[in-house]
Amino acid sequence: MYPKEFEKSIRKVEETRQERLKKPPERLGEKEKEELLKKWHPDYKPEAKRKLRVGVSKGSIVPNEVADIIEAYPLINPDEIDLSQIDYETDILIIGGGGAGTAAALFAYYNGISPENIIIATKLRHGDSNTIMAQGGIQAADKENDSPVIHYLDVIGGGHFANKPELVARLVLDAPLIIKWHEELGVMYDKKEDGEMITIHGGGTSRKRMHSAKDYTGMEIMRVLRDEARNIGIEVLEFSPAIDLLIDDEGKVGGALLYNLETDQYYVVKAKAVILATGGFGRLHIQGFPTTNHYGATADGLVMAYRVGAKLRDMDSVQYHPTGVAYPEQIVGLLVTEKVRGLGAQPVNVEGEQFVHPLEPRDVEAAAIIRECYGRNKGVITPTGMRGIWLDSPMIEIIHGKGTIERRLGAMFRMFKRFDIDMRYEPILVFPTLHYQNGGIEINENAQVLGINGIIKGLFAAGEVEGGVHGKNRLMGNSLLDTQVFGRIAGINAAKYSRKAKVGKLSLEHVKKYVEELKKAGIKEERKAPILLPDYREKKVLSRAIDIL
Amino acid sequence: MARKRKEGRKKEEMKMVRIYIMGKEYKVPAGLTIMKAMEYAGYRYIRGAGCRAGFCGACATVYRKEGDYKLYADLACQTTVEDGMWLVQLPFTPANKATYDLEEIKLDDKTLVNFYPEIARCVSCNTCTKACPQELEVMDYIQACLRGDIKKAAELSFDCIQCGLCALRCPAEIAHYHVSQLARRLYGKYIAPKAKHLEKRVEEIKEGKFDKEMKEIMEKSIEELKEMYNSRYIEPEEEEIVVEAD
Amino acid sequence: MEEMAYYPGCTLKTNAKEFEESLLRVFKKLGIRLKELNKWYCCGTVYSLATDNLMYRLAAIRNLIKVMEEGYDKVVVPCSICYNTLKQANLMARNDKEAMEKINSFMDEEPDYDGSVEVLHPLELLREKIDKLKGKLNGKYACYYGCLLLRPKEVAIDEYEMPTIMEKIVEALGGSVVNFPLKNECCGSYNVVSNKEAVIDRVYRIIMNARKNEAEAILTSCPLCHFNLKEMQNEIKKIHADFVDMPIYYFSQIIEEALE
C-alpha cells in the first residue's frame with residue numbers, strides 16, 4: 001500500500017497517461033547519450049575505483065570493492081593443507097551450480113564423459129544462482145526478419161564496441177541452437193498457437209528477439225536443466241564452494257580446494273579440467289547500491305582465477321539495472337524486469353512527465369533515471385528518504401489488454417501484491433540497482449581462460465564470471481544466453497581436453513607466490529578472500545534496507 | 001530541545017517488534033522481512049537463503065502468530081515480520097524425484113501416475129494449496145496429473161519455485177513439485193507446438209548461411225560499426241495483440 | 001436446454017472415455033446439458049468404506065461444495081464408484097450433524113456444507129425421460145448393475161434387490177432384455193489388483209450366466225465392472241479354451257446407437 005504522500009503524484013501520472021500513450025518519447029542521439037552517461041552514470045565516478053596493485057592485470061582500474069577482494073589474502077595457509085590426500089578424483093570439476101555450470105555438465109556428458117566423472121561443486125544449493133532470478137528473457141535471432149549478424153551489431157553497439165568480436169560471434173550464432181536444445185528438453189517458452197515463439201524488444205535490440213517463459217524465464221530454464229542433470233545422475237556437492245584452485249607441477253590447473261560450509265572441512269578435488277561458473281559480484285554492493293543478485297554472488301571465481309594468473313577485462317564497468325524496486329522497503333533493490341518496459345510501461349517523474357525512452361540501453365536508461373531524481377529533483381521521495389521514479393505499469397493492460405500483467409508478468413505482479421500494491425492499477429516506484437558484472441576473466445572462443453602467456457591449461461570459464469562477451473554493457477536477454485552458450489562450449493571443450501590430460505602432483509604454489517606479491521606491494525593482511533557470503537548481521541541488514549545512496 | 005525531538009522521531013521510525021526465533025525472543029525493527037529480521041537478530045545464513053527475491057525457494061518457512069491456531073507457510077524473504085511471530089528455519093525438504101529419460105517416455109493418461117503412484121493417495125484435503133507461498137492451486141494440479149491432464153497440470157504449476165512446503169505438509173506424502181516438473185517437461189516437449197522458424201534458423205546456421213556476413217562484420221573497424229549501429233533499422237514497437245498458446 | 005452440474009470422476013477422463021463421450025451426446029440429444037464442474041477432485045473412493053475416519057470424507061464433501069459454489073443444487077455422477085462415494089458422503093452430511101461440524105471446522109476456509117446438493121446417477125435421470133427414448137435397438141442384452149449403484153440400500157438408484165431401470169431403457173429403445181440372475185453379483189472390484197484369480201472366476205460365472213440366458217452383450221454403468229468384465233476374458237480363455245468373447249458396453253453407448 002502506498003503512503004498518503006504519494007497520492008498527488010500518482011494522480012498526475014494518471015492524468016498524463018492518455019497523452020503519453022499517443023506519444024512515446026524520442027530516443028536519444030549518440031552525443032546526448034554520451035553526455036548523459038558521463039555526468040550521471042555511477043561508473044563515471046573516478047573516486048569509486050582504483051588501480052590493482054598486484055597480479056597479471058596490475059594497473060587496470062576496477063571498482064574499490066573488487067580491488068578489496070583481489071588484494072586480499074587466501075582463506076587458508078597453503079603450507080597447512082595436505083594435498084596428498086585426495087577426497088575426490090574426477091575428469092571434470094565444475095565450480096558453480098547455476099545455468100552455466102549445469103549446461104557445462106550436461107554438454108560434458110553429451111560429449112562422452114560419464115556422469116561419475118563429472119562433479120558440480122556449488123556454494124549454496126544446485127540452482128541457487130542469478131540464472132534462476134532472470135525474469136525477462138533470452139535473446140536469439142530466430143525470426144525471419146532477424147539474423148545473427150543483426151544480433152551481433154546490437155550486442156557490440158550496446159557494449160560500446162569494447163566486446164571481443166569472436167565471443168560475440170559465438171554468442172549470436174549459437175543462440176538459436178540453444179533455444180532449440182531447450183525446446184527439446186521441454187522448456188515451456190511462450191508461444192503462439194502455431195508454435196511461433198512470442199518475442200518482444202529488450203533495451204537496445206533492433207529486432208524483437210526476446211524469448212520468455214512468462215517472467216520466470218531463468219527459473220524455467222534452470223529447473224529443467226537441473227532436472228535433467230539429476231536424471232543423468234551428475235554428482236553435486238552442495239554448500240561446498242571452492243576457495244582456491246590447485247595447480248600441478250607443470251602449472252596446469254588440476255583441481256580445487258573445496259570448503260564444506262556446514263562442517264568446516266576442506267576437500268581436495270583432483271580434476272583433469274576445471275570449469276569456473278561462479279557468477280558475478282552483485283553482493284559486493286558496489287558503491288553501496290542495493291542489488292538484484294542472489295545471496296552467493298560474491299565474485300569468488302574472479303579471486304581464484306586471478307591467483308592462477310587469469311587476466312581480467314572490462315572490470316571498470318558495472319551494470320546498474322535501471323529499474324530496481326524503490327518502494328516498498330522490504331524489497332528495495334529487487335529487480336523489476338525490463339519486460340515491464342518492453343510491454344509498454346513508460347518511466348515518468350513525480351509530475352507525471354516522460355523524460356526518457358523506455359528502451360534505451362541499460363546504462364543510458366539508468367543514468368537518465370538518476371539524473372531525473374538527483375539532477376532535476378523530479379523523483380518521488382519515499383518515507384525512508386530514497387528517491388525513485390514511476391514506471392507506469394497500468395499502460396501495459398491498456399496496450400495489450402486485460403489480464404496481460406498476470407499472464408506475462410506473474411512474478412512481478414505477485415511480488416508487489418504481497419505488499420499490497422496492484423501494478424495493474426497503480427504505477428510502481430523504481431530506481432537503478434546493481435545488476436551485473438559486465439567484465440570478468442578473459443576467455444577465448446573455446447571458453448579457455450587466458451593468462452598473460454596465453455591459455456591457462458585445464459581452466460575454462462562460462463557465464464557472468466567471464467568478460468568480453470558484453471563489452472562495457474550487457475543487453476537484456478544476453479546473460480541467460482551467455483550462460484548457456486559458453487556453458488555448452490566449456491563443457492564440450494573440457495570434455496575434449498580431459499580425455500588427453502594427465503594431472504601431476506598438486507600444489508598451492510601459485511597461492512604462495514600471490515601472497516608474497518601482496519606483501520611486497522605493502523598490502524596488509526587485513527582482508528581475506530573469497531568472501532563466500534555477505535555479512536548482513538545486526539545493523540548491516542538495516543543499512544541495506546534504509547540508506548541507499 | 002530541537003535535537004531531542006528529532007531523536008524522538010527517529011525512535012518512532014524504528015518501531016520494534018517482538019519475534020521468537022526457534023522459541024527464543026528477540027526485538028527487531030518493524031517492517032523487515034523474516035529473512036532480514038533474523039539477520040538483524042544475529043543469524044548469518046548458510047542454508048535458508050538463496051535469491052532473496054522470491055524465485056528460488058531456499059527460504060521456505062513456517063510460522064505461527066500469537067492467538068491464532070493456523071500454521072502459516074511462506075517465503076522468509078517475501079514476508080514482513082509481525083509482533084509475536086514464532087519463527088523457525090527449514091533447512092531442507094527430503095523428497096524423492098523419479099528418474100526418467102524424456103526421450104524414451106511413453107506419453108499417455110497414466111504417465112504421471114506411473115512415475116509417481118503416490119499421487120493416487122490424494123484425499124483432497126487442500127493442505128498443499130494452503131501451504132503454497134506462490135498461491136498456486138497445488139491440489140488442483142495434482143488432481144489434473146491424476147486424470148492425465150498434463151496441459152492443465154503444466155499451466156497450473158508453472159509458477160512453482162520448488163520450495164517444498166507442499167511436500168512437507170501433505171498427509172498423503174506426495175512430492176508435488178517433482179510431479180509437476182515432469183508434467184511441465186512433458187508439456188514443453190511433446191504437447192506444445194514446435195517453433196518452425198527456430199528449426200529453420202538452426203538449419204541455416206548449420207549450413208553456414210551467415211558465416212560470410214559474420215566474418216565481414218567482425219573485421220569492421222569501430223568507426224564503421226558505430227555508423228552501422230547508429231543508422232540501423234529498428235523494428236517498430238507496436239505489437240499486434242497475439243493469441244497465445246496456453 | 002436444461003443444464004445440470006456434471007461430475008465426471010477420474011476414470012471417465014482416462015479408462016472410460018467412451019462412457020463420457022457417449023453419455024454426453026445422449027443427454028444433449030435429450031435436451032439436457034451436462035456442464036462439467038469447473039473444479040472437481042477425485043471423489044476419494046479409496047477410502048469410501050472406511051467410515052470411521054472423517055479425513056476420508058473431505059474429498060467427497062469438497063466436490064459437493066464445488067457444486068454449490070458453482071450455483072447448482074444437483075449434480076450428475078456417472079461412474080458408479082464416484083456416485084456411491086459422493087452419495088454416501090452426502091447422506092452423512094444430511095444425517096450426521098456431529099461429523100459435519102468437524103468437517104466444516106476442518107475445512108475452515110471453505111463454505112459450510114449441510115447436504116443441500118442432490119447427487120444423481122444418469123440412469124435416474126433417464127428414467128424420468130423414458131418417454132423420449134425411442135429407437136430401433138437390435139439384440140438381446142443382459143443389464144449388469146454390480147453393487148455400487150444399489151448398496152447400501154440408502155444410496156440405491158432403484159429397487160435394491162431387483163433393479164429394472166436399465167431393462168426399461170433397453171426395452172423403450174426397442175431392444176430386448178434377458179433374464180439375468182447375476183446382475184447384482186459383485187464383479188470382484190479392486191481384487192483384480194491383489195487376487196486376480198477370484199475376479200476371473202467371478203467374471204466367468206457372470207458372463208456364462210448371461211450367455212446361458214441368451215444375452216448377446218452385457219451393459220454396465222461402472223468403469224471398474226467394465227474393466228473386469230472386459231479385460232478378464234483373455235484370462236478366462238487361458239483356463240476355458242472354448243470360451244467365446246462377450247461384448248461389454250456402457251449403457252450410454254447402446255442408447256446413443258439406438259437414438260441414431
Side-chain angles (χ1 to χ4, degrees), chain A residues 30 124-125 128 132-133 142-144 147-149 152-153 156-157 161 165 169 173 176-177 179-180 183-184 186-188 190-198 201 206-208 214 216 219 223-224 227 230-231 239 261-262 294-295 329-330 334 400-401 410 415 418 535-538 541-542 545, chain B residues 29 31-33 36 39-40 42 44 46 49-56 58 78 80 97 99-102 154 158-159 161-162 181 184-189 192-198 201-202 205 210 213-214 217-218 222 225-226 228-230 232-235 237 239 241-245:
Chain A
E30 228 20 50
L124 299 169
R125 303 170 311 160
D128 285 344
I132 211 161
M133 305 176 73
D142 59 10
K143 294 275 178 89
E144 197 62 48
S147 92
V149 183
Y152 181 97
L153 189 61
I156 220 149
F161 308 95
L173 277 172
L177 275 62
I179 306 292
K180 183 81 194 131
E183 196 187 45
E184 276 159 23
V187 170
M188 282 173 61
D190 295 335
K191 290 178 176 178
K192 297 182 189 173
E193 271 171 352
D194 63 354
E196 186 190 335
M197 295 278 180
I198 296 172
H201 269 305
S206 65
R207 298 289 187 279
K208 293 179 197 162
K214 293 173 68 176
Y216 284 110
M219 181 180 77
R223 65 191 177 188
V224 167
D227 190 58
R230 286 175 180 167
N231 281 338
F239 299 100
L261 286 172
E262 298 187 303
H294 84 110
Y295 188 46
E329 210 170 288
Q330 290 92 339
L334 298 191
H400 299 282
M415 179 166 90
R418 277 173 176 143
D535 189 351
Y536 296 137
R537 279 174 292 187
E538 302 180 23
V541 69
L542 278 192
Chain B
L32 295 181
T33 58
K36 287 179 175 177
E39 286 174 329
Y40 183 88
R44 189 179 187 185
I46 292 174
C51 73
R52 304 174 71 104
F55 285 88
C56 78
Q78 298 285 305
T80 310
K97 191 190 101 63
T99 37
Y100 37 82
D101 180 346
L102 212 61
F158 187 83
D159 293 2
I161 54 171
Q162 310 190 323
Q181 177 67 68
R184 285 190 304 273
R185 289 193 64 189
L186 289 171
Y187 178 78
K189 184 172 176 64
K194 292 266 177 281
K196 292 184 198 86
H197 59 93
L198 174 63
R201 182 52 46 83
V202 168
I205 290 170
F210 303 102
E213 214 187 326
M214 188 64 81
I217 197 170
M218 285 170 71
I222 289 186
L225 285 168
K226 268 190 182 164
M228 284 173 75
Y229 181 73
N230 291 326
R232 76 202 198 286
Y233 167 75
I234 296 181
E235 185 181 354
E237 323 253 343
E239 201 186 353
I241 308 266
V242 290
V243 186
E244 289 176 36

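Below, chain A is the first sequence line, B the second, and so on; all start at residue 1.
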Asks: Is there side-chain contact between A:Asp128 and B:Cys51, with heavy atoms separated by less than 4.5 Å?
Replies: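 Side-chain contact under 4.5 Å: no.
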
Asks: Where on A:Met219 is there a heavy atom nearer than 4.5 Å to chain B: the side chain, the backbone, both, or neither?
Replies: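 Answer is side chain: those atoms of A:Met219 sit under 4.5 Å from chain B.
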
Asks: Just by distance, do the side chain of A:Lys208 and the backbone of B:Glu235 share a donor-acceptor pair under 3.5 Å?
Replies: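 Checked: no pair found.
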
Asks: Name the region of A:Leu334, side chain, backbone, both or neither, that has any atom closer than 4.5 Å to a heavy atom of chain B.
Replies: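 Contact with chain B involves the side chain of A:Leu334 alone.
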
Asks: Using heavy-atom distances under 4.5 Å, tell me whether B:Ile205 contacts chain A through its side chain, its backbone, both, or neither.
Replies: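 Side chain only.
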
Asks: Which heavy atom in A:Ile179 sits nearest to a heavy atom in B:Leu198, and how many Å separate them?
Replies: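 Heavy atoms only, the tightest pair is CG2-CD2, 3.7 Å.
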
Asks: Taking all non-hydrogen atoms of both residues into account, name the closest pair between B:Tyr229 and A:Leu153 and its distance.
Replies: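 That would be CD1-O, 3.4 Å.
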
Asks: Name the option with the most non-hydrogen atom pairs under 4.5 Å to chain B; the candidates are A:Ser206, A:Pro148, A:Gly157.
Replies: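 So the answer, after comparing A:Ser206, A:Pro148, A:Gly157, is A:Ser206.
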
Asks: Just so I know, are the side chains of A:Asn231 and B:Arg185 near enough to count as touching, which here means a heavy-atom distance under 4.5 Å?
Replies: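 Yes, at least one pair of side-chain atoms sits under 4.5 Å.
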
Asks: Check whether B:Asp159 gets within reach of chain A through its side chain, its backbone, both or neither, counting any heavy atom under 4.5 Å.
Replies: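 Its backbone and side chain both get close to chain A.
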
Asks: Which residue out of B:Met218, B:Arg44, B:Met214, B:Lys189 racks up the most heavy-atom pairs below 4.5 Å with chain A?
Replies: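 Looking at each of B:Met218, B:Arg44, B:Met214, B:Lys189 in turn, B:Arg44 comes out on top.
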
Asks: Between B:Lys97 and A:Asp227, is there a side-chain N and carboxylate O pair less than 4.0 Å apart?
Replies: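 Here B:Lys97 pairs with A:Asp227 in a salt bridge, since their nearest N and O are under 4.0 Å apart.
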
Asks: Identify the two heavy atoms, one from A:Gln330 and one from B:Gly31, that lie closest to each other, and give their separation to 0.1 Å.
Replies: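 So the two residues come closest at CG-O, 3.2 Å.
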
Asks: If you apply the rule side chain to side chain contact (heavy atoms under 4.5 Å, CB included), what do you find for B:Arg184 with A:Arg223, and how did you get there?
Replies: CA-CA 10 Å; B:Arg184 285 190 304 273; A:Arg223 65 191 177 188; 3.2 Å; yes

Asks: If you look at every heavy atom in A:Pro176 and B:Val202, which pair is closest and at what distance?
Replies: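 For A:Pro176 versus B:Val202, the nearest heavy atoms are O-CG2, 3.7 Å.
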
Asks: Can you tell if the side chain of B:Leu32 reaches within under 4.5 Å of the side chain of A:Glu329, non-hydrogen atoms only?
Replies: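 No - every pair of side-chain heavy atoms lies 4.5 Å or more apart.
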
Asks: Contact part of A:Arg207 toward chain B, heavy-atom cut-off under 4.5 Å: side chain, backbone, both or neither?
Replies: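 Both parts, backbone and side chain.
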
Asks: Looking at A:Glu30, A:Met197, A:Arg125, A:Arg230, which one has more heavy-atom pairs under 4.5 Å with chain B than the rest?
Replies: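 Among the listed options, the one with the most contacts to chain B is A:Arg125.
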
Asks: When you look at NZ of B:Lys194, are more than 12 heavy atoms from neighbouring residues, nucleotides or ligands closer to it than 6.0 Å?
Replies: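 Counting other residues, nucleotides and ligands, NZ of B:Lys194 exceeds 12 neighbours.
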
Asks: Considering only heavy atoms, which portion of B:Leu225 lies under 4.5 Å from any heavy atom of chain A: side chain, backbone, both, or neither?
Replies: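 Its backbone and side chain both get close to chain A.
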
Asks: Check each atom of B:Leu186 against the heavy atoms of chain A and say whether the ones under 4.5 Å are side chain, backbone, both or neither.
Replies: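 Nothing of B:Leu186, per the 4.5 Å heavy-atom cut-off to chain A.
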
Asks: Would you sort out whether B:Lys36 and A:Tyr536 count as a side chain to side chain contact (heavy atoms under 4.5 Å, CB included), showing the intermediate values?
Replies: CA-CA 8 Å; B:Lys36 287 179 175 177; A:Tyr536 296 137; over 6 Å; no

Asks: Out of A:Glu144, A:Glu196, A:His201, return the one with the most heavy atom pairs under 4.5 angstrom to chain B.
Replies: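 Looking at each of A:Glu144, A:Glu196, A:His201 in turn, A:His201 comes out on top.
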
Asks: Using a cut-off of under 4.5 Å on heavy-atom pairs, state which of A:Leu124, A:Leu173, A:Ile156 scores highest against chain B.
Replies: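 Of the options given, most contacts go to A:Leu173.
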
Asks: State, to 0.1 Å, how close B:Ala195 and A:Glu183 come at their nearest heavy-atom pair, and which atoms those are.
Replies: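 That closest heavy-atom pairing would be N-OE2, 2.9 Å.
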
Asks: By a 4.5 Å heavy-atom criterion (distance strictly below it), what part of A:Phe239 contacts chain B: side chain, backbone, both, or neither?
Replies: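 The side chain, not the backbone.
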
Asks: Taking side chain as everything from C-beta outward and backbone as N, CA, C, O, which of these in B:Glu213 sits under 4.5 Å from a heavy atom of chain A? Side chain, backbone, both or neither.
Replies: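 Contact with chain A involves both backbone and side-chain atoms of B:Glu213.
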
Asks: Less than 4.5 Å apart, any side-chain heavy atom of B:Phe55 and any of A:His294?
Replies: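 Result no, sub-4.5 Å side-chain heavy-atom pair not found.
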
